[in-house]
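Residue numbers start from 1 in every chain, and the chains themselves are labelled A, B, ... in the order their sequence lines are given, proteins ahead of strands. Keep in mind that the numbers below use all heavy atoms, side chains included, and drop hydrogens, waters and symmetry copies. Quick caveat: nothing in here was measured; it's all calculated off a predicted structure.
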Protein chains: 2
Amino acid sequence: MAIPRAARTQRRTRIQEEKEEQILEAALDVFSVSGFRGSTIDQIAEVAGMSKPNLLYYFRTKEAMHRALIDRVLFTWLEPLRAFNAEGNPESEIRGYIRRKLEMARDFPRESRLFANEVLQGAPHIEDELKGPLKELVDEKARVIRAWAKAGKIVKCDPYHLIFSIWSTTQHYADFDVQVRAVLGQGHSGEGRFEDAARFLEQLFVDGLSVRAKQPVS
Amino acid sequence: MAIPRAARTQRRTRIQEEKEEQILEAALDVFSVSGFRGSTIDQIAEVAGMSKPNLLYYFRTKEAMHRALIDRVLFTWLEPLRAFNAEGNPESEIRGYIRRKLEMARDFPRESRLFANEVLQGAPHIEDELKGPLKELVDEKARVIRAWAKAGKIVKCDPYHLIFSIWSTTQHYADFDVQVRAVLGQGHSGEGRFEDAARFLEQLFVDGLSVRAKQPVS
DNA sequence: TGTAATGTTTACCAGTCGGTCAAATTATCC
DNA sequence: GGATAATTTGACCGACTGGTAAACATTACA
């Protein structure tokens, strides 16, 4: 008799690895576009190229598939923030964070949209992750930023809103891609838009928009 | 015999006004949370406090309801950008735009999420609006910003990405509200977070993060 | 007040949804 | 190569989906 996936305590077979991989890949395609409610198992099955009952052999419910996907993607997604380093130079750390986040928006737009969809719809499946691991990580980095401000290495500002603004500006290019392309039109909607965005955001976050002499504080 | 709404050529009755209002209000509630695919007519009917066939008497399809809602909300939604004025002082115009967008995120979060859901899912129902009216409006304002830069009233920067960054940072507080609350925790998730955000964003967009002497250009 | 137009509801439909089951097929390992 | 476990499938289920038909109720207006 078949042993449903959830009951496995032994190590996984090669087929299990491969099929679960295949399913989660397809699930990312579908969930990232339509959100949890708007996606159907049939859609995912079709994208994955297997039958619906076969999907349900590996993940017993739609919920379980979503859960597994979130778990898998969340760790990677927070990598750039984790790399944010207190020892480094504030300006280059912030620059680097923006650049890495922008690269993720360019290279992993589906992952970005998966979370965007989820959070937008009230985060019913990831509330715990937001209030737990995410909050703790942000709290830690907020302390770093606050210390920089206190030491005069950076202007005094609210570290939480600083992080929010980096998240929003960078993820915008993944989540609102259609809008960005529509507004930029044929001319600038090629891959060059990420270069332009990077240039603009670095300028914004470092210097702001005011015209003023670049003169280091005494 | 009843005349379905779509066929009306005469002016609307009082009941039509009221019921359509009631329905669109409920539809905004539902669509803004679950997106088009994820929402059901039954949900909307329940929120509106009327029977499903009664909804369908006023809007013949789910699609028509969504369309009517988008049309109604889009105009208002672009108001702040339309108010952006070439004659004004660049710094205060930008400040004002940020403030107005932030007020909209605070006062009309459902409208923000409605669009966010739609764009996130590939904008299948509003592609024309994005490529038409929206693009034209942004093009116009981009020219204004570029003129400011050329006149030295503002730093040289890509006007499109400037507008994107204002959109994303402000709308973030509506679209990702759950995340913002989760990260800020009990302490700062009250209404005060909008004040904090406004303060931070004005600082960011005007001065950036670098520590440097505030010295107007000669 | 009567009546025609407008508005509302109950019952219903065909298609889709998430998920089950048992039978059939394939891989594994002695 | 055969027994056993793992994998895959087609048929199916009840609940829900968007939408319809027609009877019933209410309103507007002469």
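OP1 and OP2 of D:dT7 both lie 4.0 Å or more from every side-chain N or O belonging to A:Asn54. Residue B:Tyr58 has a polar side-chain atom (N or O) positioned under 4.0 Å from OP1 or OP2 of C:dT8. Contact annotation: B:Tyr57 side-chain N/O to C:dT8 OP1/OP2 distance is not under 4.0 Å. Residue A:Arg37 has no polar side-chain atom (N or O) positioned under 4.0 Å from OP1 or OP2 of D:dC16. The side chain of B:Gln16 places an N or O atom within less than 4.0 Å of a non-bridging phosphate oxygen (OP1 or OP2) of C:dG7.
With hydrogens and angles left out, the side-chain atoms of B:Tyr160 and A:Asp196 include no donor and acceptor closer than 3.5 Å.
Checking C:dA11, C:dG18, D:dG10 against every side-chain atom of B:Pro53, the shortest atom distance belongs to C:dA11. The side chain of A:Ser51 lies closest to D:dT9 when the candidates are D:dA6, D:dT9, C:dT8.
C:dC17 atom P lies 18 Å from atom CD of A:Glu63, rounded to whole Å. Distance B:Glu18 CD to C:dT8 C1': 15 Å, rounded to the nearest Å. The interatomic distance linking B:Phe59 (CZ) with C:dG7 (P) rounds to 13 Å, in whole Å. Remark: P of D:dC16 and CD of B:Glu46 are 12 Å apart, rounded to the nearest angstrom. Atom-to-atom, CE of A:Met65 to C1' of C:dC17 comes out at 14 Å; the value is rounded to the nearest Å. Rounded to whole Å, atom P of D:dA28 lies 13 Å from atom CD of B:Glu17. Rounding to whole angstrom units, NZ of residue B:Lys62 and C1' of D:dT20 are separated by 17 Å. If you measure from atom CG of A:Asp42 to atom C1' of C:dT20, you get 14 Å, rounded to the nearest angstrom.
Each of A:Glu111, A:Glu20, A:Glu21 was evaluated against A:Arg72; a single residue qualifies, A:Glu21, per the salt bridge (Lys or Arg N to Asp or Glu O under 4.0 Å) test.
Inter-residue side-chain proximity for A:Phe115 and A:Ser32 is flagged as unmet; no heavy-atom pair is nearer than 4.5 Å.
Using a 4.0 Å heavy-atom cutoff across all strands shown, A:Lys52 reaches at least one base atom of the nucleic acid. At the heavy-atom level, B:Leu56 lies under 4.0 Å from base atoms of the strands shown. A:Thr40 comes within 4.0 angstrom of sugar-phosphate atoms only, judged by non-hydrogen atoms across all strands, and of no base.
Under a 4.0 Å N-O distance rule, the pair A:Arg82/A:Glu79 qualifies as a salt bridge.
Counting only distance, with no hydrogens or angles, the side chain of A:Arg67 and the backbone of A:His125 share a donor-acceptor pair below 3.5 Å.
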